[in-house]
**Student:** 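Pasting a structure here, questions to come.
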Amino acid sequence: MQVSQRLTNITGGGSGGWDLFNRAREMKQSGTPVTELTIGEHDTLTDPSIRDAMHRAALDGHTGYTAIGGMAELRQRIAQRAEGRTGVPTTPANVLIVPGGQAGLFAAMMATCEPGDTALFIDPYYATYPGTIRAAGAVPKPVKARSRAGFQPDAADIDAAGDAAALLINSPNNPTGAVYSDQTLADIAELCTRRDMWLISDEVYDTQVWTGDHLSPRALPGMVDRTLVVGSMSKSHAMTGSRIGWVIGPQEAIAQIANLTTHTTYGVSGFTQMAACHALDRGEAFEAQIAAPFRRRRDLVLAQIAQQNVVRAIPAQGAMYVMLDLRATGLSGEAFGNLLLDTHHIAVMPGESFGNAAAGHVRVALTVDDARLEVAIAQLLDLAAIEATKRTV
Ligand code: PMP
């Protein structure tokens, strides 16, 4: 029996750059120590107090079905947090709890696009974006941002991309570390309003901002009725495995998305939602504590990069990554990444796995301890210098 093309077409063919990642995992499994700077997962477990809250909630009996849109306690906290951070009046009716930001992205796509509608997104992009758009029956169309511009999108380029039902953006950005400027976001808001487009704003890294402040475009004039914000506990509270995410948007859209979840996920486990409530009650200081290692490591890496002139860092303004421009080596990100894995047992993600705009770049996840990261970056820079010299002789 054949599986539907709706499913087989989701990935769009190609490995999506996961070959290198898989090879690194295989090397590790066969006993070779590998420094993995690949996926965006903290090098610490979920905090013991949160795990304890989860345990207690399970013992207290939060193991049955839960309210479809999320437990009232959690919706209330997310609404308050969003209002506190943005100033936009937000009630629990504007919030829907979903099993992770990824589920939120899919729900947002389903909510904004008819089958066959175009959804625009910015290249370089988080690797699941095109597949998520296709899974929702829409047509993904990337709009390139430029390395030289620090991968800030240009609204004129988005405008030139033609008709679309939705625009998906992500700031702080994975993979580039860019934080969209107020001007970029104002231009995007103007464009969405003029073109009558939905804006889907993926803000899962909103607690990891190193320069400037996080601005949610939902707070911009005229945007509250056309913006769906996707958020998550994964990055902000080191709760990747708990699968707690949300969509924030206009009440009517949230009610319709709740209808989608009735027919797909049917809610999120109660003990993880209770643990999320506990985590949120620990407040901003706790979020800052979770973010701190990435800020520190970002500073370390940028200081190392500043010592040489072969590799250029994209100004890493936020998120847990630094994107490196290796084009001076003449190698693709994939070729360089493979060489780095073979020669030094260091795994990074090739820029090409995040779209064409990041060709000749690699993304470094800041997810190992400082000392190990410094050694890995030093080795990466040495290798880049050797390759660049080969090119010039
Ligand atoms: N958006 C971006 C940009 C991400 O990097 C991720 C996870 N790496 C997600 C969404 C989804 O995160 P989760 O499903 O764990 O909330």
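This is a predicted model, so every value here is computed, not measured. Counting begins at 1 with the first residue of the sequence. We count ligands from 1, going down the list as the structure has it; atoms in each ligand are counted the same way.
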**Student:** Quick one about D52 and S49 (side-chain donor to acceptor, distance below 3.5 Å, no hydrogens or angles considered), yes or no?
**Tutor:** no

**Student:** Could you check whether the rings of F286 and H237 sit parallel, tilted or perpendicular, using 30° and 60° as the cut-offs?
**Tutor:** tilted

**Student:** Return yes if a side-chain donor-acceptor contact under 3.5 Å exists between S147 and H361, otherwise no.
**Tutor:** yes

**Student:** What atoms in ligand 1 come closer than 4.0 Å to a heavy atom of G100?
**Tutor:** 14 (O), 16 (O)

**Student:** Testing the 3.5 Å rule here: is there a donor-acceptor pair between the side chains of T132 and Q102?
**Tutor:** yes

**Student:** Out of G241, S234, S236, whose heavy atom sits nearest atom 15 (O) of ligand 1?
**Tutor:** S234

**Student:** If only side-chain N and O atoms count, and only distance matters, is there a donor-acceptor pair under 3.5 Å linking S201 with E203?
**Tutor:** yes

**Student:** Hey, is ligand 1 close enough to I244 that some N/O pair sits below 3.5 Å?
**Tutor:** no

**Student:** Is M233 touching ligand 1 with its side chain, its backbone, both, or neither, if touching means heavy atoms under 4.0 Å apart?
**Tutor:** neither

**Student:** List every atom of ligand 1 that sits less than 4.0 Å from any heavy atom of R243, numbering the atoms from 1 in the order shown and giving each element.
**Tutor:** 13 (P), 14 (O), 15 (O)

**Student:** Looking at atom 8 (N) of ligand 1, what's its closest protein heavy atom, distance included?
**Tutor:** K235 NZ, 3.0 Å

**Student:** Any donor-acceptor pair under 3.5 Å linking the side-chain atoms of S269 with those of T272?
**Tutor:** yes

**Student:** Where the closest heavy atom to atom 2 (C) of ligand 1 is concerned, which of T240, N174, T132, D202 has it?
**Tutor:** D202

**Student:** Looking only at distance, does Y321 have an N or O less than 3.5 Å from an N or O of ligand 1?
**Tutor:** no

**Student:** May I ask you to identify the nearest protein heavy atom to atom 11 (C) of ligand 1, giving residue, atom name and distance to one decimal place in Å?
**Tutor:** Q102 N, 3.7 Å

**Student:** Is a side-chain donor-acceptor pair under 3.5 Å present for D202 with Y129?
**Tutor:** yes

**Student:** May I ask you to check whether N170 has an N/O atom sitting below 3.5 Å from an N/O atom of ligand 1?
**Tutor:** no

**Student:** With atoms numbered from 1 as shown, which atoms in ligand 1 lie under 4.0 angstrom from a non-hydrogen atom of S232?
**Tutor:** 13 (P), 16 (O)

**Student:** Indicate yes or no for a side-chain donor-acceptor contact from Q152 to the backbone of S181 under 3.5 Å, with no hydrogens or angles considered.
**Tutor:** yes

**Student:** If you have a sec, work out which protein heavy atom is nearest atom 7 (C) of ligand 1 and how many Å separate them, to one decimal?
**Tutor:** Y126 OH, 3.3 Å

**Student:** If you measure from each heavy atom of V204 to ligand 1, is any distance below 4.0 Å?
**Tutor:** yes

**Student:** Check the hydrophobic clustering (I, L, V, M, F, W, Y; side-chain heavy atoms under 4.5 Å; chains of links allowed) and say if L120 and I133 are grouped together.
**Tutor:** no

